Undergrad: 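Just passing along the structure, written as structure tokens.
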Number of protein chains: 2
Amino acid sequence: MADGMGTGVEDAATAGGRKRAGRAELSPEKVLAKAIEVIDSDGLEAFSMRHLAKGLGVTPMALYWHYPKRHDLVRAVVAEVLAGVVPATATHWEEWLRDYMHRFRAAITRHPNVAPLIGGQLISNVSGNLDMIEALLTRLQEAGVPDHKMVQAYNSVIGGMVGFVSQEFALVPSSSDDGWDGRMKEVIGGIDAERHPHLHAMRSRMENRSFILRWENGATRPMDDSFDTFTEVMIAGIRALTV
Amino acid sequence: MADGMGTGVEDAATAGGRKRAGRAELSPEKVLAKAIEVIDSDGLEAFSMRHLAKGLGVTPMALYWHYPKRHDLVRAVVAEVLAGVVPATATHWEEWLRDYMHRFRAAITRHPNVAPLIGGQLISNVSGNLDMIEALLTRLQEAGVPDHKMVQAYNSVIGGMVGFVSQEFALVPSSSDDGWDGRMKEVIGGIDAERHPHLHAMRSRMENRSFILRWENGATRPMDDSFDTFTEVMIAGIRALTV
DNA sequence: ACCTGAACACCGTTCAAGT
DNA sequence: ACCTGAACACCGTTCAAGT
């Protein structure tokens, strides 16, 4: 037992890998993995502590030992999904920003259903993000953004990027909000050529492919080229800040 | 009683303003007004059908006659808040876009707590927005955006604008998620000058004033000048699309 | 240290009635 | 037409126990 050694021995209850009756062998990692699995396959509305516990074969309260509040688990999910977003290494600032924005979106694409969690809450997984913030500030300075516009430029990039993608993957009404897509199609079909000529001309190109005029989100109707354009808009806009 | 006149007389049950016992004199407008009132004063988490009903002195189910699903009421709230956003009239496209974006943000500023509803769900109050979409498309064409980039440009403007503001007013953790702000301050205070020199230099200017490094949202810490910069970034970016 | 069980104060919504 | 009342199937979370 090596007594007297103050090495933080943890009670040795489950020592030797022996399973204790009534113990579910839970861990923060297992709970987190199951949470992401549930969100990915069953949608965000299935992400409840009780449903999760059932999936893990455990009492709801078992989860609370590892995550004291549901929001702690939410934070962990967001952190995990965003953990893969490593900004690229040394290139020109434009190339870096383009790459970073696409990496961010790619992470959300892997777990589209978590998007509302990222867009709706204050992003908080700070610790791991300081490197990213430092990199972004460095690149913005490299681009020529003056110090007195640095915070605004930073907020523009983050707000625009996170905001666009959150919008793209925004929650679709529900499983079947009776004929919500039908009504949308009706509205688009009924666009009047005289009242809304430009919209009328564009309607087939915009239908279900543009904000406000769609009934599916980015999970089933990704806005790839629009996001490409958006990054170019942002890059050109940042460049204009430097003159 | 003017019988025989098919003018859609409504049963005359409450005719003459006489109150019926057990009737609460509800209406879609009254429910909607109360919903916005509750959201504004008590926050989004207080916006439940049951809490709302209590506030109106009525059974929860009474609301369901006027709004068959909670989501119908959510839609109505969003539509109402955004109803005030009338795009400005004829000016240069840059002036128009700047004005429109600020009007949109001003509407959210009037009801900051509804922001998560706007950012999180697919925006759906279509009918009233066709005029706005037509106007935006017109201005983008006026700006010189070619037809084959029109949808992308439209999505960039809407996605960026709605996204930024949604982010700015994103939900703060909760009433008191024990020392969440404290931990954030610690992180910022502990920024290492050697590992993160740019961030270190900017830290006092960014603390609680920039995305990821804040613990309050736009309701208490509005990002006015960042949004100004963001609109200029968008405008310059759109302009770059035309060359 | 880690989990169970019962209980509290909530939800949205359906269904059958009342007037 | 418009509202009540009871019921169903959920929530997150606290508190007291168990091992």
Side-chain angles (χ1 to χ4, degrees), chain A residues 8-31 34-35 38 42-75 77 117 171 173-178, chain B residues 8-31 34-35 38 42-75 77 117 171 173-178:
Chain A
V9 181
E10 294 167 352
D11 203 302
T14 57
R18 184 171 53 87
K19 272 190 192 174
R20 277 276 220 138
R23 291 290 267 277
E25 301 284 315
L26 231 51
S27 70
E29 294 77 24
K30 262 180 197 160
V31 175
K34 190 70 178 177
V38 164
D42 300 344
L44 198 56
E45 63 276 12
F47 174 35
S48 75
M49 299 300 266
R50 300 182 101 110
H51 182 85
L52 215 59
K54 200 167 290 181
L56 288 162
V58 110
T59 292
M61 294 323 302
L63 308 179
Y64 282 84
W65 202 92
H66 303 278
Y67 296 95
K69 302 270 178 186
R70 187 185 118 98
H71 193 251
D72 294 321
L73 182 50
V74 170
R75 260 206 289 269
V77 168
L117 297 180
L171 232 42
S174 86
S175 332
S176 69
D177 186 356
D178 275 340
Chain B
V9 181
E10 293 168 352
D11 203 304
T14 57
R18 183 170 54 86
K19 272 190 189 173
R20 278 275 221 133
R23 291 290 267 278
E25 302 284 313
L26 230 51
S27 70
E29 294 77 26
K30 262 181 196 157
V31 175
K34 190 69 179 180
V38 164
D42 300 343
L44 199 56
E45 63 276 11
F47 174 36
S48 76
M49 298 302 266
R50 300 182 102 109
H51 183 84
L52 215 58
K54 201 168 287 181
L56 288 162
V58 109
T59 291
M61 294 323 301
L63 309 179
Y64 282 83
W65 203 92
H66 303 279
Y67 295 95
K69 302 269 178 189
R70 187 185 118 98
H71 193 250
D72 295 320
L73 181 50
V74 170
R75 260 207 289 270
V77 167
L117 297 180
L171 233 42
S174 84
S175 332
S176 72
D177 186 357
D178 274 339

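Only this structure's heavy atoms are used, side chains among them; waters, hydrogens and symmetry mates stay out. Naming convention: chains lettered A, B, ... in sequence-line order (proteins, then strands); numbering from 1 in each chain. Small disclaimer: the values here were computed from a predicted structure and weren't measured.
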Undergrad: Side chain to side chain contact (heavy atoms under 4.5 Å, CB included) between A:Glu25 and A:Lys30: does it pass, once the steps are laid out?
TA: CA-CA 9 Å; A:Glu25 301 284 315; A:Lys30 262 180 197 160; 4.0 Å; yes
Undergrad: A:Met49 has an atom CE; how far is it from atom P of C:dC3, in whole Å?
TA: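 A:Met49 atom CE is separated from C:dC3 atom P by 13 Å.
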Undergrad: Take the protein atom CD of A:Glu25 and the nucleotide atom P of C:dA1, then report the distance between them rounded to whole Å.
TA: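 From A:Glu25 CD to C:dA1 P: 17 Å.
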Undergrad: In this structure, how many angstroms lie between the C1' atom of D:dC3 and the OH atom of B:Tyr67, rounded?
TA: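 One finds 17 Å between C1' of D:dC3 and OH of B:Tyr67, rounded.
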Undergrad: With DNA chain C as reference, determine whether A:Pro60 or B:Phe47 sits nearer its 5' end, using the nearest nucleotide of each.
TA: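 The residue closer to the strand's 5' end, by nearest nucleotide, is A:Pro60.
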Undergrad: Fill in the dot-bracket string of DNA chain D, one character per base: . for unpaired, | for a pair to another strand, ( ) or [ ] for pairs within the strand, taking Watson-Crick or G-U pairs under 3.5 Å.
TA: ||.|||||...|||||.||
Undergrad: Given atom CH2 of A:Trp65 and atom P of D:dT13, what is their separation to the nearest angstrom?
TA: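 Going from A:Trp65 (CH2) to D:dT13 (P), I get 18 Å.
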Undergrad: Please report, rounded to the nearest Å, how far the C1' atom of C:dC3 is from the CG atom of A:Leu63.
TA: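 My rounded result for the distance is 11 Å.
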Undergrad: Rounded to the Å, how far apart are A:Tyr64 OH and D:dC15 P?
TA: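 About 13 Å, once rounded to whole Å.
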Undergrad: Check the distance between D:dC3's P and B:Lys30's NZ and give it to me in whole angstrom.
TA: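 B:Lys30 atom NZ is separated from D:dC3 atom P by 9 Å.
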Undergrad: Report the C-alpha distance between A:Val58 and A:Leu52 in whole Å, list the side-chain angles of each, state the deciding distance to 0.1 Å, and finish with yes or no for side chain to side chain contact (heavy atoms under 4.5 Å, CB included).
TA: CA-CA 9 Å; A:Val58 110; A:Leu52 215 59; over 6 Å; no
Undergrad: My understanding is that only residues two or more places apart in sequence, or in another chain, count here; which of them pass side chain to side chain contact (heavy atoms under 4.5 Å, CB included) with B:Tyr67?
TA: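 Listed in chain order: B:Pro28, B:Val31, B:Leu32, B:Asp72, B:Leu73, B:Ala76.
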Undergrad: Between atom CD of B:Glu29 and atom NE2 of B:His66, what is the distance when rounded to the nearest 0.5 Å?
TA: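 Going from CD on B:Glu29 over to NE2 on B:His66, the span is 9.5 Å.
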Undergrad: Considering only C:dA1, D:dT4, D:dT13, which nucleotide approaches the side chain of A:Arg70 most closely?
TA: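 Ranking C:dA1, D:dT4, D:dT13 by closest atom to the A:Arg70 side chain puts D:dT13 first.
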Undergrad: List the steps and the verdict of side chain to side chain contact (heavy atoms under 4.5 Å, CB included) for A:Val74 and A:Phe47.
TA: CA-CA 9 Å; A:Val74 170; A:Phe47 174 35; 3.8 Å; yes
Undergrad: Quick one: is D:dC3 close enough that its OP1 or OP2 comes under 4.0 Å of any side-chain N or O from B:His66?
TA: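 Yes, because at least one side-chain N or O of B:His66 sits under 4.0 Å from OP1 or OP2 of D:dC3.
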Undergrad: So how far is it from B:Arg70 CZ to B:Arg75 CZ, rounded to the nearest 0.5 Å?
TA: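 The CZ atom of B:Arg75 is 12.5 Å from CZ of B:Arg70, to the nearest 0.5 Å.
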Undergrad: Suppose you measure atom C1' in C:dA16 against the same atom in D:dC2; what distance do you get, rounded to whole Å?
TA: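 It works out to 15 Å between them.
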Undergrad: Hey, does B:His51 have a side-chain heavy atom less than 4.5 Å from the side chain of B:Asp42?
TA: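 Of all side-chain heavy-atom pairs linking B:His51 with B:Asp42, at least one is under 4.5 Å.
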Undergrad: Mind calculating the distance between CG (A:Leu52) and C1' (D:dT13) to the nearest angstrom?
TA: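 Those two atoms, CG and C1', are 15 Å apart.
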Undergrad: Counting only side-chain heavy atoms from C-beta out, which of C:dC11, C:dT14, D:dC11 sits nearest to A:His51?
TA: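 Nearest to the side chain of A:His51 among the choices is D:dC11.
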Undergrad: Mind listing the N/O atom pairs, protein and nucleotides 5-10 of chain C, below 3.5 Å?
TA:
none

Undergrad: Residues two or more places apart in sequence or in another chain: which of them pass side chain to side chain contact (heavy atoms under 4.5 Å, CB included) with A:Thr59?
TA: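 A:Thr59 satisfies side chain to side chain contact (heavy atoms under 4.5 Å, CB included) with A:Met61 once adjacent residues are dropped.
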Undergrad: Any chance you could lay out the side chain to side chain contact (heavy atoms under 4.5 Å, CB included) test for B:Met49 and B:Tyr64, step after step, and finish with the verdict?
TA: CA-CA 9 Å; B:Met49 298 302 266; B:Tyr64 282 83; 3.6 Å; yes
Undergrad: Expressed in whole Å, how much space separates the P atoms belonging to C:dA9 and D:dA9?
TA: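 These two P atoms come out 22 Å apart once rounded.
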